[in-house]
Amino acid sequence: MNFEVIELGLLVIFATVVLVISLDCSSNKQCVCQKIKGELWAICENLDLISAPSFSNEVIGISLANNRLSNFPTNLSLNVAYLDVSRNWLRIVDRRSLEKYSFLRNLSISKNSLQMIELDSFHNSSNIVHLDISSNQELTLEVLANISSDLRSSTSVRVLNFENLQCTYGVSFIVKRYHLIGLKHTLLEELNLASNRINSLEAGVLSDLPKSLKHLNLANNRLSFGIYLVEFGDLSNIVTVNASFQSSFHQLKVEDIVMSCNDTRPVCATLSENQHRYLRSNRWSTLLLRPKNITILLPSTLQSVYFHDNMYKMTLQDFSFKFISKPALSKLYLQNNIIYELNGPIVGMKSVFHADFSNNFCRYISPRFFEDFRNLSHLDLSYNALGENLENDVDGKIFQNLSMLTSLNLTRNRILRLPAKIFQNLLQLENLNLSYNSLGEFKLPISHMVNLSYIDLSDNQLSTMNKETRNMLDAVSQEKIVYLNLKGNNFRCNCGNLKFVKWVLNSKNLVFLHFDDYTCILSNSTNIRFSNIRLLQLLEKQCSSYTLIIVIMTALTFVVLTITISRILYRYRWKLRYMYYVAREKYKNSEKKPDALENLYHFDAFVSYAEKDRTFVIDLVKRLEEEFNLRLCIHHRDFIPGTGIADNITNAIHNSRKTVCVITSDFLQSYWCMFELNMARMEAIYSRNGENVLLLVALEKDAMKKLPFSFMDLIESKSYIEFPESGDKDEVTAFRSNLGDTLRSCDNEFRSLSAEIGVGD
């Protein structure tokens, strides 16, 4: 089976060779005859021909490139559609050269020695689609008048290449309206006027170009700024404009010096009287009356502007562009110029997503420059001198409007440091290139850049990365792989950098590009590669001798201090809380009470109880107040609304002569009840000179046995009253009478003291 396939392939190759050899297309047997897409072509290139051979009328395409033809061939196939006579010695194309070839579609006569193309040379070439007469430096652009006049009625022409028709060195050229006026009503799509020393375009030239034009090439000229700029809006279908390499240096060549340039030929006088009358119109003279700050109207079809590799020395000031309808402009190429400052703002750039300002000697970007670049995705600012400008942008205003930016290139900008807020609004950033700067540290917040996947910090002055930065990089790389380039930095491999070294060696989702080239300096000043498996062992051995001791001593000190402070705080917890609340209450009172009144209280007693004992306490308080004329304080009735619970409790205890605690199981389990009990205890010790102001009422059997150990002195001193367990009416009355007499006796002492100092109830 394999032999049959091979045999079939050989037969096909043999048949093709026989077909090529058997084709008879030219009188010169050296010409290669072949079919391309079903059409017969004759390839007669590089044969050192002085005259052209004859060709059969079946030949559609003929290439006579790179021979020595000095006269235009007249014996070609009458059906020729594609003709290439470039790189020959042709001197002239006259009106008879092409008259027989009415089917000609593509013609290239570039790189000859043409001095003239006569008027009416293309009068019979109505089917011409692509015409290339480039690199005939003795023709000069004056030939445009003849060609555009010949093609004025053509509906086929799409591409005209007039590149390099002027000598390399000479006076600048101004394209006049009569040069291209004949093309106004054609369907031309591409016009190349590059490398012609063009200094300016006469007002009206761009407006007279056909509306079908899509690509305009004005590269490698000497264009100056002029009124013609406002005419770009008339090119309603333009897609690309190339104005690059203006005023560029050219390598000196002998042939450029000795060439007999024809720059002084007279202005073409072949225009009709109607054309002259049209050109003499003053339609554009009104432009001179416009104000200085103008808005340039641009066609909505414009997609790319090429303005790179120019020798202009300038700053970009505020400028306004307006589009006829929804703009399509997406790419700006302004690299390799001499643009010192980007001041702006440049209005009308909302649709641009790619901008290249690299290698411009730029030292300053205004905070307003990118105001209208709100959809910018790729920004290249590499090879400039923006270091100081970026370092001073502490508020992050330069890039504040670029929230859609995904790629930022700041390579080689002499950056020493970057402020924390510089990239605060770059939420969509994916690629950040800061290579070949002088960054000594990288501490930028990047946790908000959730899409970040590539960071280039190579060839800086980094010695480490702090823990915060490492944590941010780990966080960003949790759900995706992040590529980080740290090659060419001055990392230190010492004990202080041990965690950084471990991080580099053990990171999972961080891919360190060019890892084999990473080196660091040991404490003995020797360099070692990160890829050396002994690096981590050396560092850990070096650092383990004293790191463990430091860790143990630090931990031990911390534990001892913590235990000591905790014990002190626990031992004096109630005293500290009591002193805090009492001191706060004193500060609230702006006037200090007289000394004689310090022993006067608002209540005879503060009654502390659990919420489940509320019914019993309310009944008890009511009877005590009615039968014994006492003034008691209970929290649900006498606490001040809007005041904190702890403040109310402290005030109630401090302003009552006694504190009565109704002890039950619920009381002992309540946080606030125990708070009241302890505060009353502190009141007795620190404010009443040891006087026992705390009275306990045991409402349940064995309730006193459940009291904390710290209250055993109250039990031993019998500072409590037990409520009768049987509930007998007489016993309850006796209990109430005993409690009332105890509280009233204190009240009588108070009244005697009041009488002595002259104070009424």
request  = Determine whether the aromatic ring centres of Phe353 and Phe373 lie less than 6.0 Å apart.
outcome  =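 No - the distance between ring centres of Phe353 and Phe373 does not fall below the 6.0 Å cut-off.
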Q) Considering the options Asn336, Asn337, Asn384, which one meets the side-chain hydrogen bond (donor to acceptor under 3.5 Å, both in side chains) requirement together with Asn359? A)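 Among Asn336, Asn337, Asn384, the one meeting side-chain hydrogen bond (donor to acceptor under 3.5 Å, both in side chains) with Asn359 is Asn336.
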Check the side chains of [Y] and [X] for a donor-acceptor pair under 3.5 angstrom, ignoring hydrogens and angles.
X: Ser463; Y: Gln461; value: no
X: Glu683; Y: His654; value: yes
X: Asn433; Y: Thr411; value: yes
X: Asn509; Y: Ser477; value: no
X: Glu163; Y: Asn192; value: yes
X: Thr650; Y: Asp647; value: no
X: Glu430; Y: Asn451; value: no

Salt bridge or not for Asp517 and Lys487, using N-O below 4.0 Å?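 No, this pair does not count.
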Any ion pair linking Glu341 and Arg363 (charged N to carboxylate O, less than 4.0 Å)?
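Counted as a salt bridge, because a side-chain N and a carboxylate O are separated by less than 4.0 Å.
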| query | Run the ring-ring contact (aromatic ring centres under 6.0 Å, His included) check on Phe321 and Phe323 step by step: do they pass? | reply | CA-CA 7 Å; Phe321 295 96; Phe323 293 86; 7.7 Å; no
- Message: side chain to side chain contact (heavy atoms under 4.5 Å, CB included), that's the test. Do Ser435 and Asn485 meet it? Break it down for me.
- Response: CA-CA 9 Å; Ser435 60; Asn485 189 354; over 6 Å; no
Can you confirm whether [X] is buried at [atom1], in the sense that more than 12 heavy atoms of other residues, nucleotides or ligands lie under 6.0 Å from that atom?
X: Arg417; atom1: CZ; answer: yes
X: Tyr383; atom1: OH; answer: no
X: Lys480; atom1: NZ; answer: yes

Once you measure the plane-to-plane angle for [X] and [Y], does it fall in the parallel (<30°), tilted (30-60°) or perpendicular (>60°) bin?
X: Phe491; Y: Phe500; answer: tilted
X: Trp672; Y: Phe675; answer: perpendicular
X: Tyr306; Y: Tyr333; answer: parallel
X: Phe515; Y: Phe512; answer: tilted

Does any non-hydrogen side-chain atom of Ile198 lie less than 4.5 Å from one of Leu193?
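Result yes, sub-4.5 Å side-chain heavy-atom pair found.
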